[in-house]
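Report on one structure; see the data block that follows.
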Amino acid sequence: MLAVFNREVAPSPEGLRQPGEAGNGAEGLADRFREARPGAVTVSFGDAAAMAYSSHEQSPFLPRLFGVVDDIFCLFQGAIENIAVLKQQYGLSKVASEINIVIEAYRTLRDRGPYPADQVVRDFNGKFAFALYDRSTTSVFMAADADGGVPFYWGVDSVGHLVVSDDAEIVKNACGKSFAPFPKGFFFTTSGGLQSYEHPLNEVKPVPRVDSRGEVCGTTYAVDAEAKKDVGSIPRTGSAADWSSQY
């Protein structure tokens with residue numbers, strides 16, 4: 001799977017862009033993805049974003065899925081273990097898949113906001129990674145499980161496009177030194193940036209990655225145990241609040 005977002009839709013977090021080799025860039029990346037994979041599907045959103053999906057050579061235990069509901073597009077890989085409980089929680093049918101759960105969870109957050117986003121992602125038990133794009137609000141929502149059960153990578157190219165994929169080479173070729181694994185147990189949103197859903201009250205700090213030659217190669221992220229968020233600055237999170245204004 002592959003998603004590319006421009007810097008207005010998905011501003012890259014502090015430290016992800018690194019000096020040095022810039023890579024080949026994200027321009028035309030979705031088209032190249034489709035050409036290299038039998039049966040691949042791509043969706044373009046003009047200059048804002050692009051998504052690409054293929055089931056080619058996928059793991060039977062961690063399948064890839066792609067779906068859209070009401071202008072909400074989602075790429076998902078993995079398996080949610082408590083899927084039956086979540087179907088009931090979100091009022092979904094018995095035949096609903098992980099894609100339906102992620103989209104409905106996002107839509108519930110966006111429209112009614114009864115729970116904080118970190119709790120919603122924390123409720124997903126299993127191995128997963130997903131990237132969601134809401135065309136109606138030009139917003140991004142993505143996350144990876146806390147154990148890193150699904151390969152998931154991201155990076156930023158020289159003009160600020162954020163690239164995410166389960167294929168490390170795709171991101172590395174596009175972003176060069178500004179490439180890294182997506183941090184385990186974190187989620188990212190357009191307005192809230194990168195956050196830990198395991199430690200939602202703590203700030204996140206960038207930590208440079210160093211390769212075998214001792215050179216800085218991308219950035220990983222860690223919870224800052226010493227820095228707490230200013231919870232008082234967050235506006236009320238009542239059921240009538242719009243989640244997108246808080247994250």
>> Please find the pair of heavy atoms, one from Ala146 and one from Glu198, that lie closest to each other, and give the distance.
In response: CB-OE2, 3.4 Å
> Is the backbone N or O of Ala50 less than 3.5 Å from a side-chain atom of Ser44, with the two atoms forming a donor-acceptor pair by type?
Replying inline: no
> Are Leu109 and Tyr90 grouped together when hydrophobic residues (ILVMFWY) are joined by side-chain heavy atoms under 4.5 angstrom apart?
Replying inline: yes
> Under 30°, 30 to 60°, or over 60°: which ring-plane class applies to Phe130 and Phe128, parallel, tilted or perpendicular?
Replying inline: parallel
>> Has Asp224 got a side-chain atom pairing as donor or acceptor with Lys205's backbone, closer than 3.5 angstrom?
In response: no
> About how many Å separate OG1 of Thr220 and CZ of Phe182, when rounded to the nearest 0.5 Å?
Replying inline: 10.5 Å
> Do Arg17 side-chain atoms and Lys177 backbone N/O form a donor-acceptor pair below 3.5 Å?
Replying inline: no
> Are any of the side-chain heavy atoms of Asn100 and Ile103 separated by less than 4.5 Å?
Replying inline: no
> Is any side-chain heavy atom of Arg110 less than 4.5 Å from a side-chain heavy atom of Ile72?
Replying inline: yes
> Within a reach of under 6.0 Å around CD of Glu27, are more than 12 heavy atoms found that belong to other residues, nucleotides or ligands?
Replying inline: no
> Does the ring center of Phe45 lie less than 6.0 Å from the ring center of Tyr133?
Replying inline: yes
>> One pair to check against side chain to side chain contact (heavy atoms under 4.5 Å, CB included): Leu2 and Val163. What are the steps and the verdict?
In response: CA-CA 7 Å; Leu2 168 70; Val163 180; 3.8 Å; yes
> Would Ile101 and Leu92 count as a side chain to side chain contact (heavy atoms under 4.5 Å, CB included) if you check the C-alpha gap in whole Å, the side-chain angles of each, and the deciding distance to 0.1 Å?
Replying inline: CA-CA 8 Å; Ile101 289 172; Leu92 297 171; 3.8 Å; yes
>> Which residues pass the side-chain contact (heavy atoms from CB on, under 4.5 Å) test with Glu14, not counting sequence neighbours?
In response: Pro206
> In Å and rounded to the nearest 0.5 Å, what is the CZ to CG distance from Arg32 to Asn173?
Replying inline: 9.0 Å
>> Salt bridge or not between Arg37 and Asp167? Use side-chain N to carboxylate O under 4.0 Å.
In response: yes
> Between atom CG of Asp47 and atom CZ of Phe5, what is the distance when rounded to the nearest 0.5 Å?
Replying inline: 14.5 Å
> Looking only at heavy atoms, which two atoms of Val171 and Val164 are closest? And how far apart?
Replying inline: CG2-C, 4.4 Å
> Thr190 and Val140: which non-hydrogen atoms are nearest, and at how many Å?
Replying inline: OG1-N, 2.7 Å
> If Ile, Leu, Val, Met, Phe, Trp and Tyr residues are connected whenever their side-chain heavy atoms lie under 4.5 Å apart, and connections chain through other members, are Leu16 and Tyr153 in the same group?
Replying inline: no
> Do you know the tightest heavy-atom contact between Ser97 and Ile83?
Replying inline: C-CD1, 4.2 Å
> Same hydrophobic cluster for Phe66 and Val68, using side-chain heavy-atom links shorter than 4.5 Å among ILVMFWY?
Replying inline: yes
> Do any N or O atoms from the side chain of Asn82 and from the backbone of Val85 form a donor-acceptor pair under 3.5 angstrom?
Replying inline: no
> Side chains of Asp134 and Thr137: closer than 4.5 Å at any heavy-atom pair?
Replying inline: yes
>> Just verifying a value: how many Å separate Gln77 CD and Ser165 OG, rounded to the nearest 0.5 Å?
In response: 9.0 Å
>> How close do Leu75 and Ala3 get, counting heavy atoms only, and between which atoms?
In response: CD1-CB, 4.2 Å
>> List the residues meeting ring pair (Phe, Tyr, Trp, His ring centres under 6.0 Å) with Phe188, not counting sequence neighbours, and say none if there are none.
In response: Trp154
>> With heavy-atom distances below 4.5 Å as the criterion, would you say the side chains of Tyr221 and Gln195 are in contact?
In response: no
>> side chain to side chain contact (heavy atoms under 4.5 Å, CB included) for Val120 and Asp123? Distances and angles first, verdict last.
In response: CA-CA 5 Å; Val120 168; Asp123 284 345; 5.5 Å; no
> Just wondering, are more than 12 heavy atoms of other shown residues or ligands nearer than 6.0 Å to NZ in Lys87?
Replying inline: yes
>> Show, in sequence, the C-alpha distance, side-chain angles and deciding distance for Arg122 and Phe187, and conclude whether the side chain to side chain contact (heavy atoms under 4.5 Å, CB included) test is met.
In response: CA-CA 10 Å; Arg122 198 161 54 244; Phe187 70 99; over 6 Å; no
> Does Leu132 belong to the same Ile/Leu/Val/Met/Phe/Trp/Tyr cluster as Tyr197, with side-chain heavy atoms less than 4.5 Å apart forming each link?
Replying inline: yes
> Leu86 and Ile80: which non-hydrogen atoms are nearest, and at how many Å?
Replying inline: CD1-CG2, 3.8 Å
>> Show me the pairs that pass side chain to side chain donor-acceptor pair (under 3.5 Å) and involve residues 53-69, at least two apart or across chains.
In response: Arg64-Asp166
> Side-chain heavy atoms under 4.5 angstrom apart, residues restricted to Ile, Leu, Val, Met, Phe, Trp, Tyr: same cluster for Met142 and Phe186?
Replying inline: yes
>> One pair to check against side chain to side chain donor-acceptor pair (under 3.5 Å): Thr42 and Arg34. What are the steps and the verdict?
In response: CA-CA 7 Å; Thr42 61; Arg34 183 186 65 244; 3.0 Å; yes
>> So, taking the atom named OH in Tyr106 and the one named OG1 in Thr189, what distance separates them when rounded to the nearest 0.5 Å?
In response: 9.5 Å
>> A side-chain contact here means heavy atoms from C-beta on lying under 4.5 Å apart; do Thr219 and Arg209 qualify?
In response: no
>> For the SG atom of Cys74 and the CD1 atom of Ile99, what is their distance to the nearest 0.5 Å?
In response: 4.0 Å
>> Can you pull out every salt bridge (charged side-chain N to carboxylate O under 4.0 Å, His left out) where at least one residue sits in residues 138-162? Sequence neighbours excluded, please.
In response: none
> Tell me, which pairs form a salt bridge (charged side-chain N to carboxylate O under 4.0 Å, His left out) where one or both residues lie in residues 188-197, sequence neighbours left out?
Replying inline: none
> Residues in side-chain hydrogen bond (donor to acceptor under 3.5 Å, both in side chains) with Asp70, at least two apart?
Replying inline: Arg107
